[in-house]
There are 2 protein chains.
Amino acid sequence: MGGEETATSKAPRTERGKRTLRKLLDAAAAEFGERGYHEASISGITQRAGAALGTFYTYFDSKEQVFRALVDDMGHLTRQHIAERVPGNVDRLTAERLGLEAFIEFVREHKDLYRIVMEAQFVAEDAYLNYYKVFAAAYTRNLAQAAEKGEIRPGYEEERAWALIGMSVFLGMRYAVWSSDKTAKEVAAAAAELITFGLSPLARGGGLGGGAS
Amino acid sequence: MGGEETATSKAPRTERGKRTLRKLLDAAAAEFGERGYHEASISGITQRAGAALGTFYTYFDSKEQVFRALVDDMGHLTRQHIAERVPGNVDRLTAERLGLEAFIEFVREHKDLYRIVMEAQFVAEDAYLNYYKVFAAAYTRNLAQAAEKGEIRPGYEEERAWALIGMSVFLGMRYAVWSSDKTAKEVAAAAAELITFGLSPLARGGGLGGGAS
DNA sequence: TCGAAACCTGAGTCAATATTCAAGTTGTAG
DNA sequence: CTACAACTTGAATATTGACTCAGGTTTCGA
């Protein structure tokens, strides 16, 4: 997959240009995040950025292109943030808890960008697909490796990856985007307990986060 | 709560009217499902329905109103379909598996409507919120009851409900909307195994679906 | 310091389409 | 059969907002 660099001809060549581009990207994130893709307007973006309408087209070909750029950006940022918070040497079950905790925190700090990712499903489906496929592939691999090491039960790696991603996404939506009435730690502990032991009454009740609500 | 009946003044009074309304609703589901809310056009809807443009406004006040009507409809249909497939007397863990299986099958048969529900997050956020809140509340209650009966470990009912809904939604998206490369039964079995025992290598490996991929 | 390249400006163009409405057609009660 | 209500029609209206462009201003290497 190639598209690291965006449009070739539109890259800024001076310091001033770089500053303007950054202002426009931040403004676009805010505008799309607050108003959604279709309610958002280019003039809204340039107003937020303190620039003239035409300036937008110095750096972007279209409304859709800047939106896609933001989605890709979010993918990088998310993976980076989670990687920073999850040491490479912990076992899979611990990694799940820390990863979810980091994810929820991240979403809280980037609600706008997160909303953009979700809306990409309807605006730039391929970008959205790619976003989650990258996650799912990495996740599937991690699960398979953990299974080999005996850290988790083997089997169903792909289905589990999608199930776990869905869990994270919805917990992020509910406890980061919609409301922050519980801490990321609490939510992550609850989910980790579920991921580790399932719902079965036979599993040991102690363990991680305690057990009571 | 309460909006069962839609607009009062716009209800059809003759057989012909009822038929036209139904054609418009079906056409709207197809148009929104295929093209998304904003790409969809009223003229697209009326063309599919074989009606004139103005006829749409005999039955609906606006584009958004018909969209909301479809979201509400989907909520009813989904709950009904799942309730039909999950006997009331089975234990919670079995209910989870059957419910997910029914859900995936349902999404496969109603991809258009399902896409509409997801897009509602950006078009009619309150309708979307309501859709999931109803599910989450019911789910939370079911989990609490099951815990009382000793069918599952108690605690974290609300977080678990959202986590499980997220799982279903993403598995539905991946294995029903995007691709049908696995049967609903297979996917449900994998998820049920995860929900029941978690990932822990300590849980018994036999049980439900076997274990190997 | 100079000039070209880079950048900025915002009024104007243009296509799309949600919604209205005045004039017809069909159904049905009496 | 008649007349009114229900329904249908599609051209016209009105708004919106993405995108263009011709002319300025700023930057920066030489």
Side-chain angles (χ1 to χ4, degrees), chain A residues 5-32 34-70 116 119 122-124, chain B residues 5-32 34-70 116 119 122-124:
Chain A
E5 310 303 324
T6 331
T8 40
S9 65
K10 303 247 173 180
R13 275 144 221 267
T14 70
E15 271 313 311
R16 178 168 60 140
K18 275 183 195 160
R19 253 178 289 136
T20 305
L21 173 56
R22 170 103 323 261
K23 279 196 297 182
L24 285 171
L25 278 169
D26 291 345
E31 175 82 0
F32 283 130
E34 274 177 34
R35 318 225 300 154
Y37 183 78
H38 290 278
E39 290 290 307
S41 68
I42 306 298
S43 83
I45 292 172
T46 51
Q47 268 174 264
R48 283 173 199 258
L53 182 51
T55 300
F56 177 88
Y57 292 93
T58 303
Y59 297 104
F60 304 102
D61 291 327
S62 68
K63 186 178 180 182
E64 190 176 322
Q65 196 215 325
V66 68
F67 189 83
R68 284 172 183 275
L70 291 170
I116 287 168
E119 189 165 14
F122 307 100
V123 173
Chain B
E5 309 303 324
T6 330
T8 39
S9 64
K10 303 247 171 180
R13 276 142 222 267
T14 69
E15 272 312 312
R16 177 166 63 138
K18 274 183 196 163
R19 252 178 289 134
T20 305
L21 173 58
R22 170 104 321 261
K23 279 196 297 180
L24 284 172
L25 279 169
D26 292 345
E31 175 81 1
F32 283 130
E34 276 177 32
R35 317 225 300 154
Y37 182 79
H38 291 278
E39 289 289 307
S41 68
I42 307 299
S43 84
I45 293 171
T46 51
Q47 268 175 264
R48 282 174 198 257
L53 185 50
T55 301
F56 177 88
Y57 292 93
T58 304
Y59 298 103
F60 304 102
D61 291 326
S62 67
K63 187 179 179 180
E64 188 175 324
Q65 196 216 326
V66 69
F67 189 84
R68 284 172 183 277
L70 290 171
I116 288 169
E119 190 165 12
F122 306 99
V123 173

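Here is how names work: the chains are called A, B, and so on, in the same order as the sequence lines, proteins then strands, and each is numbered from 1.
D:dC19 atom C1' lies 14 Å from atom CD of A:Q65, rounded to whole Å. Rounding to whole angstrom units, CD1 of residue B:I42 and P of D:dT8 are separated by 16 Å. Rounded to an integer number of Å, the gap from B:E39 CD to C:dA16 P is 12 Å. In this entry the distance linking NE2 of A:H38 with C1' of D:dA18 reads 13 Å, nearest Å. Atom CD of B:E64 and atom C1' of C:dT17 are 16 Å apart (whole Å). The distance from atom CZ of B:R13 to atom C1' of D:dC4 is 14 Å, rounded to the nearest whole Å. In this entry the distance linking OH of B:Y59 with P of D:dA6 reads 11 Å, nearest Å. Per the geometry, NZ belonging to B:K10 stands 13 Å off P belonging to D:dT8, to the nearest Å.
Every stem involving DNA chain D, taken as at least 3 paired positions in a row under the Watson-Crick or G-U wobble test at 3.5 Å, is listed here: C:1-30 with D:1-30.
Proximity of a side-chain donor or acceptor of A:E31 to a complementary backbone N or O of A:S41 within less than 3.5 Å is detected. Between the side chain of A:E119 and the backbone N or O of A:Y37 there is at least one donor-acceptor pair closer than 3.5 Å. Without hydrogens or angle criteria, A:K18 side chain to A:A11 main chain gives no donor-acceptor distance under 3.5 Å. With B:K10 contributing its side chain and B:Y57 its backbone, the two residues share a donor-acceptor pair below 3.5 Å.
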If you restrict it to nitrogen or oxygen atoms, what contacts under 3.5 Å exist between nucleotides 9-13 of chain D and the protein, and what is each distance?
| unit_1 | atom_1 | unit_2 | atom_2 | d |
| --- | --- | --- | --- | --- |
| D:dT9 | OP2 | B:A52 | N | 2.8 |
| D:dT9 | OP2 | B:T55 | OG1 | 3.3 |
| D:dG10 | N7 | B:G54 | N | 3.2 |

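Remark: A:T14 is in phosphate contact with C:dC7, judged by side-chain N or O atoms under 4.0 Å from OP1 or OP2. OP1 or OP2 of C:dC21 has not a single side-chain nitrogen or oxygen of B:Y57 nearer than 4.0 Å.
Looking at residues 16-32 of chain A, you'll see A:R16 sit with a heavy atom under 4.0 Å from some atom of DNA chain D.
For the atom pair CZ (B:F60) and CD1 (B:I42), the distance works out to 9.5 Å, reported to the nearest 0.5 Å. Here the OH-OG1 distance, from A:Y59 to A:T20, works out to 4.5 Å after rounding to the nearest 0.5 Å. Atoms OG1 and CG, on A:T46 and A:L53 in that order, are 5.0 Å from each other to the nearest 0.5 Å. In this structure, A:I45 CD1 and A:D26 CG are separated by 11.5 Å, a value rounded to the nearest 0.5 Å.
Both B:K63 and B:E15 lie close to DNA chain C; mapped to their nearest nucleotides by heavy-atom distance, the more 5′-ward contact belongs to B:K63.
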Evaluation steps, salt bridge (Lys or Arg N to Asp or Glu O under 4.0 Å), between B:E64 and B:R68: CA-CA 6 Å; B:E64 188 175 324; B:R68 284 172 183 277; 2.9 Å; yes
Steps toward ring pair (Phe, Tyr, Trp, His ring centres under 6.0 Å) verdict (A:F32, A:F67): CA-CA 8 Å; A:F32 283 130; A:F67 189 83; 5.2 Å; yes
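When heavy atoms are screened at a 4.0 angstrom cut-off, B:A49 is found touching no nucleic acid atom at all.
A 6.0 Å sphere centred on CD of B:E34 holds more than 12 heavy atoms belonging to other residues, nucleotides or ligands.
When all heavy atoms of B:V66 and B:A28 are compared, the pair lying nearest together is CG2-CB, 4.0 Å.
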